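Hydrogens, waters and symmetry mates play no part in the numbers below; they use all other heavy atoms, side chains included. Values in this document were obtained by computation on a predicted structure and should not be read as measured data. Numbers for residues simply follow the sequence, beginning at 1.
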Amino acid sequence: AKTHMTTTTPNASSTVRQLNELQGHQDRVWSVAWAPNGNALASCSGDKTIRVWSVTAKHNSHDKDGGGSSASATAAATAAASETLLGFEVRCIAVLEGVHTRTVREVSWSPNGKMLASCSFDGTVAVWAYEDGEFECISTLEGHENEVKSVRFSASGQLLATSSRDKSVWVWELSAEMDFECLAVLHGHSQDVKRVVWHPIEDGYLLSASYDDSLKTWSEDEDDWACVQTVTGHESTVWDASFNSDGSRFVSGSDDCSVRVWAQKKQQKQSSSSSSSASEGVEATLSRYVGRIAKLRAVIVTDRDGNTLAQAADKGEEELKVDASFASTYSVLAEQASKLKIGENDMITSFYNNYIIVHVNYSPIIVTLLAAPDANVGLLHAAVPELKTRLSAVRTSVIQSGSN
């Protein structure tokens, strides 16, 4: 029989209890991760596999224990593949195997849920893409000299960080061709690096935890990455770390049996400032989009009054990002669309002053992409969802400033 435990938290209005177990792995399960939309989760194991589980609403509410022999046979046949969690059905939809040759240590979803990264004791990192109902390994990253212990996507999904027993942290960048290129190899820890964690808002800020009893913060300055600070205090291996939602604090857990909370002075200043300071970590990411998407010349983020909040332009075309006429065309186009009874428009594509312009209405901010006249409009449109994710902090700041 399975054990169901209930834990009561002081001063809490709810309790935590085990709903069920998911069976299938044949060895120790090292890591689990929910997909961003909550409709799937991934697990990885010492059995060299990753399992992806779907979580869907259970429409048949008449399932009961017991029944005849046929019901028992059906239950026995599906027990390893499906478990019911109070109105939801969790079902194994994919077993990802044949790539890693040793224990799979950690899994990480991209922010849009379309990619899953896994790292292994075999020294490699695999990136799996979900398309047409199937997962396919689209890239195997090699370079670490020993077991890879941690892998994480950044907030924008454009960067990937990995850490290893070889004492290094690697930063990888996703290209327009869906390949990953190494941006930096970070050295500084004197022992095994157990965990890497990205800042929840800034792509150019990374945290690592190590067997050397320390944590390190890393920051990108233009094209260079460097250690900003070595955080000491733990008396044994630091196994894990996690940022809070705005990145102003992080927590670490150690083999010394302690959990420690650390404050980030840099982020505390940002949290009390205006919407323009909330965009400080955004422009580096916008620059990556400009450099990655073929013939994209500039990205401008404004409020609805035309005030610039963040911007980036291709080298040699910096004047584009300060030309207010590009950003101001959205209101004119939206008005004309309304007169034509086209209705609400979240995205408008136009041709203006020898540029393709894609306006994205992410109310209360407007995101404007400027591209060469022969640019692939499909690629521009495809970049919009992740751009929205990356700009969510700026949008929230504008909303908050408007309510004050």
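Counting heavy atoms from C-beta outward, His359 and Ile366 have side chains that approach closer than 4.5 Å. Put simply, the side chain of Leu116 reaches to within 4.5 Å of the side chain of Leu96, judged on heavy atoms. Between Glu202 and Glu220, the closest side-chain pair of non-hydrogen atoms is not below 4.5 Å. Met115 places a side-chain heavy atom less than 4.5 Å from the side chain of Ile138. Using a 4.5 Å cut-off on side-chain heavy atoms (C-beta onward), Arg105 and Val148 make no contact. Within the 4.5 Å cutoff, the side chain of Glu136 has no heavy atoms near those of the Glu131 side chain. Taking the side chain as every heavy atom from C-beta outward, His234 and Ser258 approach each other to under 4.5 Å. Counting only heavy atoms from C-beta outward, the side chains of Val193 and Ser208 approach each other to under 4.5 Å.
A side-chain donor from one of Thr349 and His381 sits under 3.5 Å from a side-chain acceptor of the other. Judged purely by distance below 3.5 Å, without hydrogens or angles, the side chains of Gln229 and Thr217 never pair a donor atom with an acceptor atom. For Ser168 and His187, the side-chain atoms include no donor-acceptor pair closer than 3.5 Å.
Taken from CG in Leu159 to CH2 in Trp172, the straight-line distance is 12.5 Å, to the nearest 0.5 Å. Going from atom NE2 of His144 over to atom OG1 of Thr162 covers 3.0 Å, rounded to the nearest 0.5 Å. Taking CG from Leu41 and OG from Ser54, the interatomic distance works out to 9.0 Å, rounded to the nearest 0.5 Å. Taking CG from Asp256 and CG from Asp213, the interatomic distance works out to 8.0 Å, rounded to the nearest 0.5 Å. How far OG1 of Thr368 is from CD of Gln311: 11.5 Å, rounded to the nearest 0.5 Å. Taking CZ of Phe180 as the reference point, atom CD of Glu173 lies at 10.0 Å (rounded to 0.5 Å).
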Practice prompt. Take Trp239 and Asp255, measure what side chain to side chain contact (heavy atoms under 4.5 Å, CB included) needs, and give me the verdict at the end.
Written response: CA-CA 7 Å; Trp239 284 97; Asp255 201 46; 3.5 Å; yes

Practice prompt. Check the pair Thr103, Trp30 against side chain to side chain contact (heavy atoms under 4.5 Å, CB included), reporting the backbone distance first and the verdict last.
Written response: CA-CA 9 Å; Thr103 291; Trp30 281 95; 3.1 Å; yes

Worksheet item: side chain to side chain contact (heavy atoms under 4.5 Å, CB included) between Leu22 and Arg51: does it pass, once the steps are laid out?
Response: CA-CA 10 Å; Leu22 306 178; Arg51 284 181 173 258; over 6 Å; no

Item to complete: Would you check, one step at a time, whether the test side chain to side chain contact (heavy atoms under 4.5 Å, CB included) holds for Val197 with Arg152?
Response: CA-CA 7 Å; Val197 187; Arg152 294 290 174 91; 4.2 Å; yes

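With hydrogens and angles disregarded, a donor-acceptor distance shorter than 3.5 Å links the side chain of Ser175 to the backbone of Asp179. No donor-acceptor pair closer than 3.5 Å links the side chain of Ser108 to the backbone N or O of Ala117. A donor-acceptor contact shorter than 3.5 Å links the side chain of Ser254 to the backbone of Thr237.
Across all non-hydrogen atoms, the minimal contact from Ser219 to Tyr205 is CB-CD1, 4.2 Å. The minimum heavy-atom distance linking Glu142 with Trp170 is given by the pair O-CZ3, 4.4 Å. The minimum heavy-atom distance linking Ser43 with Trp53 is given by the pair OG-NE1, 3.0 Å. Residues Ala209 and Leu215 share a closest heavy-atom pair of CB-CD2, 4.1 Å. The two residues Asp27 and Ser45 have their closest heavy-atom pair at O-OG, 3.1 Å. Between Pro373 and Phe351, the shortest heavy-atom distance links the atoms CB-CE1, 3.6 Å.
Relative orientation of the Phe135 and Tyr130 rings is tilted, given thresholds of 30° and 60° on the angle between their planes. Classified by interplanar angle (parallel below 30°, tilted 30° to 60°, perpendicular above 60°), the ring pair Phe243/His199 is tilted.
Residue Asp47 is tested with His25, His100, Gln26 for a side-chain hydrogen bond (donor to acceptor under 3.5 Å, both in side chains); the sole match is His25. Screening Leu160, Val151, Thr140 against Val127 for a side chain to side chain contact (heavy atoms under 4.5 Å, CB included) leaves a single residue, Leu160.
For CZ of Arg165, the number of neighbouring non-hydrogen atoms (other residues, nucleotides, ligands) closer than 6.0 Å is 12 at most. In this structure, Gln191 places its CD atom where more than 12 heavy-atom neighbours from other residues, nucleotides or ligands lie under 6.0 Å away. Within 6.0 Å of atom NZ in Lys114, 12 or fewer heavy atoms from other residues, nucleotides or ligands are found, so the atom counts as exposed in its surroundings. Under a cut-off of 6.0 angstrom, the local environment of CZ in Phe121 is crowded, with over 12 non-hydrogen atoms contributed by other residues, nucleotides or ligands.
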